[in-house]
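Contents: one structure, followed by commentary.
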Amino acid sequence: MLGPLNHVAIAVPDLAAAAKQWKERFDAEVSEPQAEPDHGVTVVFVSLPNTKIELLEPLGENSPIASFLAKNPRGGIHHISIETGDLLPLRDRLVDQGVTITGTGEPRPGAHGNPVIFLHPKDFNGALVELEEV
Ligand code: CO
């Protein structure tokens with residue numbers, strides 16, 4: 001049911017500076033910034049052999065990471081993303097078990113164009129968990 005770790009996301013106050021740091025300190029492969037207005041973020045991916053690091057910067061007025069950065073002005077680990085199979089049956093099972101899905105609860109296209117949902121941190125020991133249908 002759970003597949004590989006797709007990425008670990010770090011919210012950052014300055015995306016260009018964060019991307020530069022990963023590039024220069026490690027010669028890491030770092031993607032171009034990608035605006036995701038639907039999610040209120042601009043993202044950059046740092047490629048690792050077995051997974052990715054997603055750097056997130058707020059985009060627009062009501063960015064969901066704005067309050068996170070207000071509490072963590074230097075940035076911090078924001079969520080982890082795990083690949084799954086069909087999301088809808090899994091979503092329904094989790095909801096039946098009392099897990100809260102953030103937002104409308106409906107899958108939306110994520111950074112890779114695949115449907116994603118987010119499980120509320122209150123149900124997962126404070127960790128925001130993204131599930132991505134692959
Ligand atoms: Co993510």
Side-chain angles (χ1 to χ4, degrees):
M1 179 169 288
L2 290 176
L5 178 69
N6 186 280
H7 58 266
V8 174
I10 303 176
V12 303
D14 181 339
L15 190 59
K20 184 166 182 268
Q21 162 152 277
W22 285 91
K23 213 181 282 180
E24 288 184 354
R25 296 204 198 284
F26 301 112
D27 294 324
E29 188 189 315
V30 177
S31 76
E32 289 302 313
Q34 178 182 333
E36 290 181 37
D38 287 355
H39 291 274
V41 291
T42 304
V43 305
V44 156
F45 284 100
V46 180
S47 296
L48 306 182
N50 64 338
T51 190
K52 294 180 278 294
I53 298 169
E54 180 184 59
L55 304 175
L56 299 169
E57 182 185 62
L59 173 67
E61 296 285 298
N62 298 309
S63 174
I65 64 168
S67 60
F68 181 89
L69 280 171
K71 279 178 245 154
N72 306 275
R74 301 177 69 171
I77 293 181
H78 183 262
H79 67 268
I80 62 169
S81 177
I82 301 169
E83 298 179 10
T84 70
D86 284 347
L87 258 190
L88 285 176
L90 176 56
R91 189 269 319 261
D92 293 346
R93 170 186 157 141
L94 291 166
V95 169
D96 285 346
Q97 292 171 351
V99 172
T100 302
I101 314 297
T102 67
T104 63
E106 294 304 316
R108 293 189 299 160
H112 311 100
N114 298 328
V116 302
I117 57 173
F118 287 88
L119 312 183
H120 200 289
K122 73 182 170 64
D123 297 325
F124 279 86
N125 303 104
L128 178 61
V129 178
E130 176 181 25
L131 299 177
E132 175 174 336
E133 182 179 296
V134 174

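Keep in mind it's a predicted model, so treat the numbers as computed, not measured. The basis for the numbers below is simple: all heavy atoms, side chains too, and nothing from hydrogens, waters or symmetry mates.
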In terms of hydrophobic clusters joined by side-chain contacts under 4.5 Å, are [X] and [Y] together?
X      : Y      : answer
Val134 : Ile80  : no
Val99  : Val95  : yes
Leu48  : Phe26  : yes
Val116 : Phe124 : no
Leu55  : Phe45  : no

Exercise: identify the closest heavy-atom pair between [X] and [Y]:
X      : Y      : answer
Gly105 : Ile117 : O-CG2, 4.2 Å
Ser63  : Gly40  : OG-O, 2.7 Å
Pro115 : Leu87  : O-CD1, 3.4 Å

Evaluate the side-chain proximity of [Y] to [X]: yes if any heavy-atom separation is below 4.5 Å, no if none is.
X      : Y      : answer
Lys52  : His112 : yes
Thr84  : Met1   : no
Pro33  : Leu15  : yes
His78  : Glu54  : no
Val44  : Trp22  : no
Leu119 : Ile101 : yes

Ignoring hydrogens and geometry, is there a side-chain-to-backbone donor-acceptor pair from [X] to [Y] under 3.5 Å?
X      : Y      : answer
Arg108 : Asp38  : yes
Thr100 : His120 : no
Asp14  : Ala16  : yes
His39  : Pro109 : yes

Mark yes when over 12 heavy atoms from residues, nucleotides or ligands other than [X] sit less than 6.0 Å from its [atom1]; otherwise mark no.
X     : atom1 : answer
Gln97 : CD    : yes
Ile77 : CD1   : no
Lys71 : NZ    : no
Asp96 : CG    : yes
Asn62 : CG    : no
Gln34 : CD    : yes

Rounded to the nearest 0.5 Å, what's the gap from [atom1] on [X] to [atom2] on [Y]? Could you check?
X      : Y      : atom1 : atom2 : result
Leu131 : Ser81  : CG    : OG    : 7.5 Å
Ile10  : Ile65  : CD1   : CD1   : 11.5 Å
Leu69  : Glu57  : CG    : CD    : 9.0 Å
Leu128 : Asp123 : CG    : CG    : 11.0 Å

**Val8/Thr51 under side chain to side chain contact (heavy atoms under 4.5 Å, CB included): CA gap, chis, key distance, verdict** = CA-CA 8 Å; Val8 174; Thr51 190; 5.6 Å; no

**Message:** Checking His7 against Glu132: is there a side-chain donor and acceptor pair closer than 3.5 Å?
**Reply:** no

**Asked** Do Asn114 and Glu133 pass the side-chain hydrogen bond (donor to acceptor under 3.5 Å, both in side chains) test, and can you show the C-alpha distance, the side-chain angles, and the key distance before you say yes or no?
**Response** CA-CA 6 Å; Asn114 298 328; Glu133 182 179 296; over 6 Å; no

